[in-house]
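Everything below concerns the one structure shown next.
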Amino acid sequence: MTTLYTPTRDELATLLEGEPRYRLDQVWQGLYTQLAEPAEISNVPKALRERLGAALPTALTQVIRKVSDDGDTVKYLWALDDGSKIETVLMIYPDRVTVCVSSQAGCAMACGFCATGQAGFRRHLTVGEIVEQVVVAARDARAMGRRLANVVYMGMGEPMANEAAVWASVERLHDALGLSARHLTISTVGLVPGIRTLADRPLPVNLAVSLHAANDTLRDELVPINRRYPIDQLMEACAGYLAAKGRRLSFEWALIDGVNDRPSDAAELAALTRRFHLPAHVNLIPLNPTPGYPTVGSPAARVREFRDDLVARGVNATVRRNRGTDIDAACGQLAAGQPVTLTRR
Ligand code: SAH
């Protein structure tokens, strides 16, 4: 379905045929600079605003908007035109504002520890649905006196399973919203063909890979798609990305108590990055609770030990501060309406 943020500039020009040529600039700026909906683009005539509003409905209908206790995280639950639900998370930091967007309704990757994976796949999102998540978050950030500059494709879904729409959204965010490619991060479970395609794309976006294990036996279990694209193939694709873009990669590692937080796991991870000459940054995330997974996150002391161990082995590693657990907005907790919070230890 064509929605407000679907058309490219050229497609919008076609839609505006018969109008004076400057209308295209006015509407484009209205949408992407003023972050306005057609009805609010006050410098174009009312009849045209109405025509645009009818031809280009918004994609996202707000179901719930939740703000975390300290007000620095906002989670939106949206309904799409077919009733599918997705979530978006806006994170306000002292020095930057970041939005975490969904690329699919649900996810087919079936990682057992992730609430989205537990729920299964519904459908791909369109470029219009992805871009609108960013625009709405940018509008909200602006209302708080802040400018949204960072986008992470770390919400629901596997971006590299929907590469074409994801890439079209990257181009739009870059060209129309003016976001720097260096502030856009695509996270993948490790779909090797997607990483290769991304390496051939022109803009140097950041790549994050959800690794979680550095040997195939454990990774097969945690991240089932590893059976199709085992670690060596994945690392080669990562090395290819690095060579093509010259950007530092990051690896995500959800620390699961007693599963992938042992000294041997740190040693394996360090050996892996060395073997492939990958100067990656490791983001450690203590596992967040989800209803369908029995195991819990590593205790704080273990998290610190694991980080120190990696650093001592020459691997750049930091612990990602957890955001929005109180509103089920943290990594792996996006379940579009199903409450995921469990009693915490
Ligand atoms: N499908 C993509 C994009 C999602 S990013 C990917 O897997 O990279 C969401 C991140 O949160 C991924 O790194 C994912 O592995 C991680 N994650 C999933 N469940 C989690 C949980 N319960 N606790 C912490 N991190 C989790």
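In each ligand, atom 1 is the first atom listed, and ligand 1 is the first ligand listed. Computation of the quantities below employed the complete heavy-atom set of this structure, encompassing side-chain atoms and omitting hydrogens, waters and symmetry-equivalent molecules.
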Name all pairs fulfilling the side chain to side chain donor-acceptor pair (under 3.5 Å) condition that reach into residues 31-41, sequence neighbours left out, sorted by first residue then second.
Tyr32-Arg172

Under 6.0 Å between the ring centres of Phe113 and His212?
yes

Considering non-hydrogen atoms only, spot the tightest contact between Ala266 and Asp309 and give its length.
CB-OD2, 3.7 Å

Do other residues, nucleotides or ligands put more than 12 heavy atoms under 6.0 Å from Arg228 CZ?
no

Which residue pairs pass the ring pair (Phe, Tyr, Trp, His ring centres under 6.0 Å) test when at least one of the two sits in residues 34-82, sequence neighbours left out?
Tyr76-Trp78

Within the protein, residues bringing a heavy atom under 4.0 Å of ligand 1, chain by chain
Phe113, Cys114, Tyr153, Met154, Gly155, Gly157, Glu158, Pro159, Ser187, Thr188, Val189, Ser210, His212, Glu252, Ala254, Ile285, Leu287, Asn288, Thr290, Cys331, Gly332

Just distance, no hydrogens or angles: give the donor-acceptor pairs under 3.5 Å from side chains in residues 92-99, sequence neighbours left out.
none

